[in-house]
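I have placed the structure first, in the form of structure tokens, so that the comments after it can refer back to it.
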Amino acid sequence: MEVRTRFAPSPTGYMHIGNLRTALYSYLHARKNKGKFILRIEDTDQARLVADSIRVIYDSLAVTGLEHDEGPDKGGPVGPYVQSERRAIYKEYAERLLSEGHAYRCFCEKDEKTEKQPDEEQEGPLLGYDGRCNRLSEAEVKENLAKGRPYVIRQKIDREGQTSFNDFVYGLITVDHKQLDDQILLKRDGYPTYNFANVVDDHLMGITHVMRGCEYISSTPKYILLYRAFGWSIPEHIHLPHILNEAGRKLSKREGSVALSDFLEKGYLPEAILNYIALLGWNPGTEQEYFTKAGLVEKFDIARIGRSPAIFDEKKLSWLNGQHLKAMKPEDAHKLFLKFYPEKIVTALDVRKLSGLIQSKVEKPADILGMVSFLSELDEYPMELFVNKKNKTTPESSRAVLTDLKSILSGLTSWEYAVIYAAVNSCAEAKGSKIGPIMWPLRIALSGLAVTPTGAIEIAELLGKDETLRRISVGIGKL
RNA sequence: GCCCCCAUCGUCUAGCGGUUAGGACGCUGCCCUUUCAAGGCAGAGAUCAGGGGUUCGAAUCCCCUUGGGGGCGCCA
């Protein structure tokens with residue numbers, strides 16, 4: 001049987017990174033098995049519709065390359081792929097359940113106190129609906145209907161017994177019916193609940209593998225009961241462990257980055273993001289960690305999805321991003337870096353050359369500004385930077401070196417790497433010194449920083465002769 | 001409160017009855033070098049949450065405890 005997976009997001013206005021991982025796994029499983037990956041929009045909550053958020057979903061899938069085979073924008077044999085356009089379908093199936101005795105109309109008011117009373121003397125009444133409308137006589141139902149009283153349709157669940165299902169990653173899950181309640185299938189406004197629409201759509205769309213967050217585990221038995229009531233075969237259920245933040249809590253908008261767009265803005269590459277989140281809850285069984293998207297498709301296997309929650313570690317993402325950045329074509333890296341260079345530098349320097357110099361050093365493009373801003377603006381820096389133990393530099397030696405360098409460099413008629421290097425090197429030879437003690441003060445004078453993304457000669461070349469000499473003078477002035 | 005799930009270095013993880021408990025990020029040091037970085041190498045870091053069993057033998061199987069997460073919506 002052909003594998004068919006789906007990604008079924010709600011239009012919330014942003015792409016949660018945990019959601020993206022669900023999409024990724026669904027995509028990978030479909031591609032790996034030469035199956036189909038379907039996009040379905042779950043917009044059944046009219047109160048929470050966020051304008052234009054379907055766009056966000058399309059854009060997210062496009063930028064990460066998780067192309068779907070069927071969906072609202074692409075069509076397909078089992079559409080429509082937007083739930084709000086499938087209301088007639090849900091109504092039809094809800095009525096079928098009604099007529100076959102698996103569901104009933106409930107006329108209770110929204111705010112009515114209708115919680116199931118606990119069997120024993122328990123504390124909370126938190127057991128859901130008590131099923132009172134299930135006990136309405138036929139005459140009462142007819143009367144309510146005649147009066148035009150609004151109603152919802154609820155699933156009828158026996159209070160006795162238990163229901164199990166075999167989750168592909170969590171194994172056998174059994175829930176006692178006492179824990180279940182007669183959940184709403186069709187809301188008063190005619191829209192289905194997630195619980196109902198999901199089952200109907202997954203069946204009608206021929207989904208073979210249902211992947212979703214593990215928060216749905218507890219309610220899956222209700223869905224199983226629905227499948228059985230309809231006489232439908234049950235797809236494979238693959239629940240995924242959560243991704244947590246550093247505090248060990250659910251990734252939330254309040255605490256740091258959660259949306260794909262947050263990471264994209266920092267300059268993380270879509271492929272690096274995919275690579276990283278793929279590893280949060282899955283591993284290839286080998287020691288490989290660097291994966292291109294194609295590599296993931298090749299190696300992905302749902303059998304190696306884990307069960308324990310993972311904490312999102314941006315440091316590792318950053319490292320992985322650096323790996324992907326190194327593998328990029330220089331011109332592509334340059335194009336990306338260009339978005340992060342300050343205007344002043346773009347106009348004043350050979351940024352193409354700069355990109356080439358820093359490509360292997362950058363991990364997170366958002367850090368670029370801090371790495372290169374010294375090139376356009378020499379900030380105040382402490383004289384102590386000239387002191388370096390390893391190179392045995394002191395303020396005195398630095399002053400001497402800079403003074404020599406100033407006169408040697410000012411005499412140069414050409415300003416390119418080899419020429420500058422030769423000049424600096426001759427200065428070292430004249431002093432009978434290694435090159436380190438010369439380079440150190442030069443680099444400090446040119447950057448005012450203990451740490452720079454590239455060496456002294458490269459900086460001098462980038463800066464140009466005039467600015468280089470000016471900065472050397474500034475340095476001498478400090479010593 | 002009731003139910004479900006999870007538990008190996010700080011973090012991501014390998015492990016699926018017998019291993020010196022492996023790898024990666026991060027951290028530390030060394031080498032290389034034109035400083036830092038990058039790269040190469042090395043090191044520190046896990047009484048496998050705790051306690052009981054089962055077994056000749058348990059990180060691996062079972063039970064309890066603890067900790068964490070999730071569910072109990074006319075949200076998804």
Side-chain angles (χ1 to χ4, degrees), chain A residues 8-10 12 42-45 47-48 106 108-110 115-116 118-120 122-129 150-154 167 170-171 173-176 178-181 183-189 191 193-195 197-198 212-221 239 241-242 244 246 248-250 276 279-290 306-313 315-320 322 326 358-362 371 385 388 390-391 393 421 424-425 428 434-444 447 449-458:
Chain A
S10 287
T12 55
E42 311 226 326
D43 60 342
T44 56
D45 188 352
R48 291 195 198 187
C106 169
C108 293
E109 290 302 320
K110 273 187 194 179
E115 286 94 355
K116 230 198 279 187
D119 294 340
E120 287 130 46
Q122 287 165 344
E123 281 294 307
L126 308 161
L127 288 168
Y129 185 66
Y151 61 87
V152 299
I153 294 178
R154 286 183 185 273
D167 187 272
Y170 287 95
I173 306 282
T174 302
V175 171
D176 205 291
K178 285 197 199 66
Q179 296 301 322
L180 272 24
D181 79 326
Q183 66 173 345
I184 292 175
L185 268 19
L186 220 53
K187 298 185 259 192
R188 197 180 283 226
D189 63 6
Y191 280 86
T193 57
Y194 166 89
N195 306 309
N198 238 263
R212 50 156 85 116
C214 66
E215 67 270 25
Y216 293 105
I217 286 186
S218 300
S219 33
T220 299
H239 286 98
H242 283 140
L244 276 21
E246 273 182 74
R249 281 188 295 273
K250 214 163 146 182
Y276 179 67
L279 261 15
L280 254 27
W282 171 83
N283 75 81
T286 63
E287 278 169 5
Q288 183 180 358
E289 293 204 296
Y290 177 89
R307 283 182 296 275
S308 44
I311 291 173
F312 192 97
D313 178 15
K315 283 225 184 71
K316 187 149 186 182
L317 199 214
S318 188
W319 170 78
L320 210 41
K326 282 193 190 85
I358 67 174
Q359 185 177 353
S360 67
K361 279 101 180 168
V362 175
M371 287 168 75
L385 281 183
N388 180 261
K390 218 171 146 186
N391 285 307
T393 59
Y421 183 84
V424 171
N425 197 233
K434 281 184 158 180
I435 203 157
I438 310 297
M439 289 295 187
W440 180 270
L442 212 215
R443 195 180 58 86
I444 297 301
S447 68
L449 296 170
V451 179
T452 51
T454 175
I457 307 292
E458 287 91 342

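Model, not experiment: these values are computed from the prediction. The sequence lines fix the lettering, A, B, ..., with proteins before strands; numbering per chain opens at 1.
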Contact under 4.0 Å: [X] side-chain N or O vs [N] OP1/OP2:
X: A:K315; N: B:C27; result: no
X: A:K326; N: B:A37; result: no
X: A:T44; N: B:A76; result: yes
X: A:R48; N: B:C75; result: no

*How would you label the contact of A:S318 with the nucleic acid (heavy atoms, under 4.0 Å): base, sugar-phosphate, or nothing?*
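The residue A:S318 makes no contact with any strand.
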
[X] [atom1] - [N] [atom2] separation (whole Å):
X: A:Q288; N: B:C25; atom1: CD; atom2: C1'; result: 16 Å
X: A:K361; N: B:U33; atom1: NZ; atom2: C1'; result: 11 Å
X: A:E42; N: B:C75; atom1: CD; atom2: C1'; result: 12 Å

*For atom CD of A:E246, is the number of surrounding heavy atoms from other residues, nucleotides or ligands below 6.0 Å larger than 12?*
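No, because the 6.0 Å sphere around CD of A:E246 holds 12 heavy atoms or fewer from other groups.
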
Who does [N] pair with, Watson-Crick or G-U, both distances under 3.5 Å?
N: B:A7; value: B:U66
N: B:C48; value: none
N: B:C2; value: B:G71
N: B:A14; value: none

Should [X] and [Y] count as side-chain neighbours, where that means a heavy-atom distance under 4.5 Å?
X: A:M439; Y: A:K434; value: no
X: A:K316; Y: A:L280; value: no
X: A:R212; Y: A:H239; value: yes

*How would nucleotides 12-21 of chain B be written as a contact map, 5' to 3', with B for base contact, S for sugar-phosphate-only contact and - for no contact, using protein heavy atoms under 4.0 Å?*
BSSS------

*Decide side-chain contact (heavy atoms from CB on, under 4.5 Å) for A:I173 and A:T220; before the verdict, give the C-alpha distance in whole Å, the side-chain angles of both, and the deciding distance to 0.1 Å.*
CA-CA 9 Å; A:I173 306 282; A:T220 299; over 6 Å; no

*Between A:T44 (side chain) and A:Y191 (backbone), is there a donor-acceptor pair under 3.5 Å?*
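Not confirmed, A:T44 side chain does not pair with A:Y191 backbone.
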
*Ignoring hydrogens and angles, tell me if any N or O in the side chain of A:Q359 forms a donor-acceptor pair with the backbone of A:K361 under 3.5 Å.*
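No; judged by distance alone, with no hydrogens or angles, the pair does not exist.
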
*Can you figure out which of B:C75, B:G71, B:G73 approaches the side chain of A:D181 most closely?*
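In terms of side-chain proximity for A:D181, the closest of B:C75, B:G71, B:G73 is B:G73.
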
